[in-house]
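Working notes, beginning with the structure itself.
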Protein chains: 2
Amino acid sequence: MVRADARENRARIVETARQALAEDGEVSMNQIAQRAGVGPGTLYRHYPSREALVLAVYQLDIAKLLDSVQELLQRHSPLDALRLWTTALVDAMRRKHGLGDALSPGARQSITESTYDPVIAAITQMLEAGQDDGTIRGDVNPGDFLQLTGALWRAASGPEDRSQSMLGLILDGISRGAPA
Amino acid sequence: MVRADARENRARIVETARQALAEDGEVSMNQIAQRAGVGPGTLYRHYPSREALVLAVYQLDIAKLLDSVQELLQRHSPLDALRLWTTALVDAMRRKHGLGDALSPGARQSITESTYDPVIAAITQMLEAGQDDGTIRGDVNPGDFLQLTGALWRAASGPEDRSQSMLGLILDGISRGAPA
DNA sequence: ACCTGAACACCGTTCAAGT
DNA sequence: ACCTGAACACCGTTCAAGT
C-alpha cells in the first residue's frame, strides 16, 4: 500500500528536480532534496541514484512534450507548432545525453525505445494537421522526420549550434509549395 | 628563476594526468596528485583548476600527435598512417569536448585556433607522402580533410560510433584510382 | 621559489531512529 | 510504509608552515 504523502513527495521531487536541473545541470542531490522540502534519505528512497533521478526527469520531459501537442496546435499554425515542439524535443535529447557516461548504455537504449511510438504519434498528429489545412505536403513520413531530428541533435551538440537554421530548412522542405 | 624540481614536477603531473584521465575521465584531482607523488597544493600551484589541467593534457595530446607523424609514416603506408593519425585526433577532440560546460567557451576557441596551423601541417605531410608514392590523389586539400574530421567527431560523439566506416569512405575517396 | 599536507565546505549516499 | 537528518568517505580547493 503506497501512502499518500509518499506519492506526493515523489511527484514534488521530480518536478523540483526538473526545474533545478534546467537551471543548472550540476545541482547536487542534497540541494534538490532541500528545495523539494524532504530529507536526502527520502530522495534516495524514491530515486536510488543520480542516474535514476535524471532518467525520471527525462521521462517527465517527454510526457509533458507529448501532452503539449494539443495546446501547440491550438495556439500556433501546424508548421510553427512543429518547430516549437521539435526544438523542445532536441533540448530534451541533449539533456539526456548530458548525462554522459553516467548513464548505462542499456538504460539509454531502453528509454529511447519506450518513447519511440508516442513520439511518432505526436509528429503524425502535427503533420496531419498541416496536411488538413494545406500547409504541409501529403507525402511526408513521420519516421523520416524523426530521423532528421537525430541530425538536429547532433548539430545542436556540435561546436556551434546550427540546429535552428537546419530545422528551418527542413520545415521549408515539408511545406506545401516546396518542390517534391 | 624556475627551480629544477618545479619543472620536473610540472612535467610529471601532466604526464600522470594524461594516463589517469585516459583510464578514467573522472579521476579526482587528489588521486592525480597522489599518483604523481606530489601534494595537492603542488598540483594546484601548477594548474590552478581542473579545467586548466585537462587543457594542458589536451595540448600535450596534440603535441604528441604532431610528433607521431614521422614514426607513423615510417611504419605504415601513407593511407594507414592517415587513418591511425586521424583516429587519434578524433579521440583527442572527444576528450576535449568531454569537459562539457566545465570549459569556458573562450578557452575552447583559443585552443582550437592555436592548434590549427600545426595540424594542417601534419595532414599536409601525410598527404604529400601518399602523393609521392602514388597512392593518394594530387588534388586533395588539407583544409577540406580537416573539415571532414569535424564531421567524424560529430559521428563519433553520436548515438552509435560510425566514425571508422566514415573514415574508410573518406580515405577511399582520396585514394588514387578513385573517381575525381 | 617551491613543496607539503592538514583543513574547509561540500559532494553523493547510507542507515538508525522515529512516526 | 515511509520520513528524517546525522553521519561516512570523499570531492575540489586553499593556505599556513616548512625548506
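Only this structure's heavy atoms are used, side chains among them; waters, hydrogens and symmetry mates stay out. Proteins come first, then strands; the chains are lettered A, B, ... in the order of their sequence lines, and each starts at number 1.
- A/Tyr44 does not carry A/Arg50 over the face of its six-membered ring by the limits of under 6.0 Å from the centre and within 45° of the normal.
- Of all the heavy atoms in B/Ser68 and B/Trp85, the pair that sits closest is OG-CD1, 3.8 Å.
- Set against D/dC2, C/dG12, C/dC3, the side chain of B/Arg3 has C/dC3 as its closest nucleotide.
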### Task
Dot-bracket notation for DNA chain C is requested: 5' to 3', Watson-Crick or G-U wobble pairs only, both distances under 3.5 Å, with ( ), [ ], | and . as defined.
||.|||||...|||||.||
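- Contact annotation: B/Arg50 side-chain N/O to D/dG12 OP1/OP2 distance is under 4.0 Å.
- Two residues are said to be in side-chain contact when any heavy atoms from C-beta on lie closer than 4.5 Å; A/Ile13 and A/Arg10 fail this criterion.
- In this structure, the side chains of A/Leu127 and A/Ile174 come closer than 4.5 Å at one or more pairs of heavy atoms.
- Here the side chains of B/Asp117 and B/Ile120 are not in contact, with every heavy-atom distance at 4.5 Å or above.
- Listed here is the closest heavy atom pair of A/Ser163 and A/Leu152: O-CD2, 3.6 Å.
- Between A/Gln31 and C/dC10 there is no side-chain polar atom (N or O) within less than 4.0 angstrom of OP1 or OP2.
- Regarding A/Ile32, its CD1 atom lies at a distance of 11 Å from the P atom of C/dT13, rounded to whole Å.
- The distance between atom CD of A/Glu26 and atom P of C/dC10, rounded to the nearest whole Å, is 16 Å.
- In the region residues 7-25 of chain B, proximity to DNA chain C at under 4.0 angstrom, judged on heavy atoms, holds for B/Asn9.
- Between the CG atom of A/Asp5 and the C1' atom of D/dA1 there is a distance of 9 Å, given to the nearest Å.
- Here the side chains of A/Arg12 and A/Asn9 are in contact, with some heavy-atom distance below 4.5 Å.
- Under the 4.5 Å side-chain criterion, counting only non-hydrogen atoms from C-beta, B/Asp133 is in contact with B/Pro78.
- Closest of all the heavy-atom pairs between B/Met93 and B/Tyr58 is N-CE1, 4.3 Å.
- Note that CD1 of B/Ile62 and CG of B/Leu89 are 5.5 Å apart. Values are rounded to the nearest 0.5 Å.
- Of the residues in residues 38-49 of chain A, A/Val38, A/Gly39, A/Pro40, A/Gly41, A/Thr42, A/Arg45, A/His46 come within less than 4.0 Å of DNA chain D through at least one heavy atom, sorted by number.
- Heavy atoms of B/Gln34 sit nowhere under 4.0 angstrom from any nucleic acid atom.
- Counting non-hydrogen atoms under 4.0 angstrom, A/Asn30 reaches a base of the nucleic acid.
- The heavy-atom pair separating B/Met126 from B/Ile136 by the smallest distance is O-CD1, 4.2 Å.
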